Amino acid sequence: MESPRLLLTVNNLDVSYPGGIQVLWSISFGIEEGEIVALIGSNGAGKSTAIKTITGSLKPASGEILFSGRPIGMLPSHEIVELGISQIPEGRQLFPFMTVKENLDLGSYPLKARKNREQVREWVYTLFPILKEREYQLVGSMSGGEQQMVAIGRGLMASPKLLLVDELSLGLAPFW
């Protein structure tokens with residue numbers, strides 16, 4: 001039996017915001033292929049900061065981030081997405097005056113994802129059938145839970161190897 005591969009490695013990561021406010025001190029963790037991992041902590045503990053740093057929105061002050069053994073800590077966000085990391089940000093950050101379909105299609109930014117856009121969109125619709133029914137509805141007119149489904153679907157449209165979700169259950173109904 002083949003042992004799992006380390007997909008993401010974070011070693012001794014220090015991260016500060018502009019102005020010198022340090023948020024993360026020497027955090028280290030690894031994520032293996034196929035593994036589901038949750039970062040748990042109180043508000044302000046640095047969970048969102050860790051995700052923003054892994055996806056290139058913030059740069060580490062020190063430490064390293066490896067994706068499939070490759071250093072990515074100083075890469076721009078668009079290159080990190082092309083490598084196979086997708087982020088669903090806290091607060092969804094959808095485009096309210098665009099349709100469900102248009103918002104989903106924006107998630108297929110990577111070249112390999114654009115080639116399979118229709119097939120992946122149909123797969124997303126099987127996960128969230130309500131989105132298929134509302135394909136041409138403006139996202140801003142949807143409930144919070146429906147918008148969260150669009151945000152998750154948009155993240156999946158990139159066909160990522162690693163999906164990072166900030167506030168996964170935000171706005172979802174308790175029965176879902």
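Only a predicted model underlies this, so the values are computations on that prediction, with no experimental measurement involved. Starting from 1, each residue takes its place in the sequence as its number.
Residue Leu156 is not grouped with residue Leu162 when hydrophobic side chains (ILVMFWY) are merged at heavy-atom distances under 4.5 angstrom, including chains of intermediate members. Cluster annotation: Val124 is connected to Ile130 through the hydrophobic network of ILVMFWY side chains, with a link wherever side-chain heavy atoms come within less than 4.5 Å. The hydrophobic clustering, which links ILVMFWY residues whose side-chain heavy atoms are closer than 4.5 Å, places Met149 and Leu164 apart. Taken together through direct or relayed side-chain contacts under 4.5 Å among Ile, Leu, Val, Met, Phe, Trp and Tyr, Tyr17 and Ile54 form part of one hydrophobic cluster. Grouping the Ile, Leu, Val, Met, Phe, Trp and Tyr side chains by contacts below 4.5 angstrom, directly or via other members, places Phe128 with Val120.
Residue pairs satisfying the side chain to side chain donor-acceptor pair (under 3.5 Å) criterion with at least one member in residues 149-160, sequence neighbours excluded, are absent.
Trp25 belongs to no hydrophobic cluster with other residues, because no ILVMFWY side-chain heavy atom falls under 4.5 Å from its own, directly or through intermediates. Within the hydrophobic cluster formed by Ile, Leu, Val, Met, Phe, Trp and Tyr side chains joined at under 4.5 Å, directly or through other members, Leu106 is accompanied by Phe95, Met98.
Side chain of Ser86 to backbone of Gly155: a donor-acceptor contact under 3.5 angstrom is found. Side-chain N or O atoms of Glu64 include none that pairs as donor or acceptor with a backbone N or O of Asn11 at under 3.5 Å. Listed for the Gln137 side chain is no donor-acceptor partner under 3.5 Å among the backbone atoms of Val100.
In plain terms, the two heavy atoms of Asp14 and Ser26 that are nearest each other are OD1-N, 2.6 Å. Among all heavy-atom pairs drawn from Glu90 and Gln93, the shortest one is O-NE2, 3.9 Å. Contact detail for Ile27 and Ala50: the closest heavy-atom pair is CD1-CB, 4.2 Å.
Listed by chain and number, the residues in a side chain to side chain donor-acceptor pair (under 3.5 Å) with Ser16 amount to none (sequence neighbours excluded). Partners of Glu102 by side chain to side chain donor-acceptor pair (under 3.5 Å), not counting sequence neighbours, listed by chain and number: Thr99. For Ala151, the side-chain contact (heavy atoms from CB on, under 4.5 Å) partners at least two apart in sequence or on another chain are Ile88, Arg92, Leu94, Gln148. The side chain to side chain donor-acceptor pair (under 3.5 Å) search around Asn103 returns none, not counting sequence neighbours. With sequence neighbours excluded, the residues forming a side-chain contact (heavy atoms from CB on, under 4.5 Å) with Thr53 are Leu13, Val15, Thr49, Leu58, Pro60, Ile65, listed by chain and number. Taking the side chain to side chain donor-acceptor pair (under 3.5 Å) definition, one finds that Tyr109 meets it with nothing, sequence neighbours left out. Under the salt bridge (Lys or Arg N to Asp or Glu O under 4.0 Å) criterion, Lys132 pairs with Glu122, Glu135, sequence neighbours left out. Applying the salt bridge (Lys or Arg N to Asp or Glu O under 4.0 Å) rule to Lys52 yields no partners; only residues at least two apart in sequence or on another chain are considered.
Ion pairing between a basic and an acidic side chain is recognised when a charged N comes within 4.0 Å of a carboxylate O; Asp105 and Arg121 show such pairing.
A 4.5 Å side-chain heavy-atom check between Leu127 and Ile152 finds every atom pair outside the cut-off. Considering only heavy atoms from C-beta on, Leu104 stays 4.5 Å or farther from Lys101 through its side chain. Between Asn12 and Ser28, the closest side-chain pair of non-hydrogen atoms falls below 4.5 Å. Residues Leu8 and Glu35 have side chains not in contact (no heavy-atom distance under 4.5 Å, counting atoms from C-beta outward).
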Could you give the side-chain donor-acceptor pairs of residues 68-83 under 3.5 Å, partners two or more places apart or in another chain?
from: Ser68; atom 1: OG; to: Arg5; atom 2: NH2; distance (Å): 3.3
from: Ser77; atom 1: OG; to: Thr55; atom 2: O; distance (Å): 3.0
from: Ser77; atom 1: OG; to: Gly56; atom 2: O; distance (Å): 3.4

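The CG atom of Leu6 lies 8.5 Å from the CG atom of Leu66; values are rounded to the nearest 0.5 Å.
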